[in-house]
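Source: prediction; values computed, not measured. Counting convention: from 1, in listed order, for ligands and their atoms alike. Just so it is clear, the values below take in all heavy atoms, side chains as well, and ignore hydrogens, waters and symmetry mates.
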Amino acid sequence: MSHPLHGSCHCTNLQVHVGLSREPLDYQPRACDCGFCQAHGAAYISDAAGSLAIEWHEEPGRYRHGSRNAEFLFCRQCGVLVAVTYEADGRTFAALNVRALGSDTGFAAEAPASPQQLPPEQRIERWKKLWFADVVLRPATAAAPA
Ligand SMILES: [Zn+2]
C-alpha cells in the first residue's frame with residue numbers, strides 16, 4: 001500500500017496500522033454526530049481499497065449502542081476509542097478514528113456526518129461499501145506487524 005500510517009491509543013496498548021490507497025488529503029474524516037462519538041470527539045476515515053490492522057497487548061473493550069450492529073473498540077487502559085467495526089459474511093469491516101493517528105496526518109478538513117439518520121439496512125450497505133474490509137484484529141506478537 002502506497003500510504004502507510006501508524007498510530008495507537010494514548011497508552012500505546014492498541015496499535016493501528018493503516019494502508020491508504022490514495023493521498024491522505026483525499027480523505028475527509030467524518031465527525032459522527034451521535035452522542036457516543038461526540039463524547040469521544042471521534043472522526044472516522046475508511047478506505048475499501050486500503051488496509052487496516054489493529055493489534056493489542058491487552059484485549060480492547062467493545063461497546064454497542066443504537067441498532068447494536070456496529071461494535072466500537074476502545075482501550076481498556078486509557079479509554080481512547082480507536083475504531084468501529086462490523087462483521088458480516090466472515091469478514092470484518094471497520095472505520096478508523098483519526099484521533100488514534102495523531103494530529104499530523106495530512107487529511108482534509110473534517111466534515112459532519114449523521115449516519116444515525118439512515119435506516120439500519122442502508123447503514124450496513126454503506127459500511128460494506130466504504131469501510132476498510134478484511135480488517136485484521138489480533139493480539140500483538142514479538143514479530144513485526146504485517
Ligand atoms: Zn490505551
Side-chain angles (χ1 to χ4, degrees), residues 1-116 120 123-124 126-146:
M1 208 53 64
S2 44
H3 302 282
L5 288 173
H6 302 281
S8 71
C9 65
H10 186 259
C11 75
T12 73
N13 173 49
L14 301 182
Q15 300 279 337
V16 174
H17 307 284
V18 191
L20 299 177
S21 64
R22 311 185 303 274
E23 297 286 342
L25 196 56
D26 259 22
Y27 298 80
Q28 194 169 34
R30 301 184 295 274
C32 175
D33 69 353
C34 87
F36 178 72
C37 290
Q38 283 195 331
H40 282 271
Y44 299 91
I45 58 155
S46 60
D47 182 350
S51 65
L52 173 63
I54 299 172
E55 300 184 308
W56 55 77
H57 295 284
E58 187 196 327
E59 182 87 17
R62 296 163 192 267
Y63 179 67
R64 290 173 185 254
H65 70 89
S67 66
R68 308 188 76 80
N69 290 314
E71 188 165 69
F72 295 84
L73 296 191
F74 60 93
C75 178
R76 291 199 286 190
Q77 300 279 352
C78 69
V80 169
L81 171 65
V82 166
V84 57
T85 66
Y86 173 71
E87 308 228 352
D89 316 320
R91 307 177 75 187
T92 302
F93 300 86
L96 178 70
N97 182 6
V98 296
R99 306 295 175 236
L101 293 174
S103 54
D104 198 19
T105 51
F107 293 128
E110 289 170 20
S114 197
Q116 55 189 346
R123 237 180 296 167
I124 287 170
R126 205 180 136 78
W127 298 340
K128 286 180 169 177
K129 203 180 300 175
L130 296 181
W131 282 9
F132 291 101
D134 303 318
V135 173
V136 175
L137 303 173
R138 66 185 175 198
T141 60

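No side-chain N or O of R62 forms a donor-acceptor pair with one of T85 less than 3.5 Å apart.
Shown here is H65, whose NE2 atom has more than 12 heavy atoms of other residues, nucleotides or ligands within 6.0 Å.
The salt bridge (Lys or Arg N to Asp or Glu O under 4.0 Å) analysis of residues 92-103, with sequence neighbours excluded, yields the pairs R99-E110.
When the ring-ring contact (aromatic ring centres under 6.0 Å, His included) test is applied to H40, the partners found at least two apart in sequence or on another chain are F36. The ring-ring contact (aromatic ring centres under 6.0 Å, His included) search around Y86 returns W127, not counting sequence neighbours.
S46 has its side chain within reach of L130: a pair of non-hydrogen atoms, C-beta onward, lies under 4.5 Å apart.
Around the Zn ion (ligand 1), the protein N, O or S atoms found under 2.8 Å comprise C9 SG, C11 SG, C75 SG, C78 SG.
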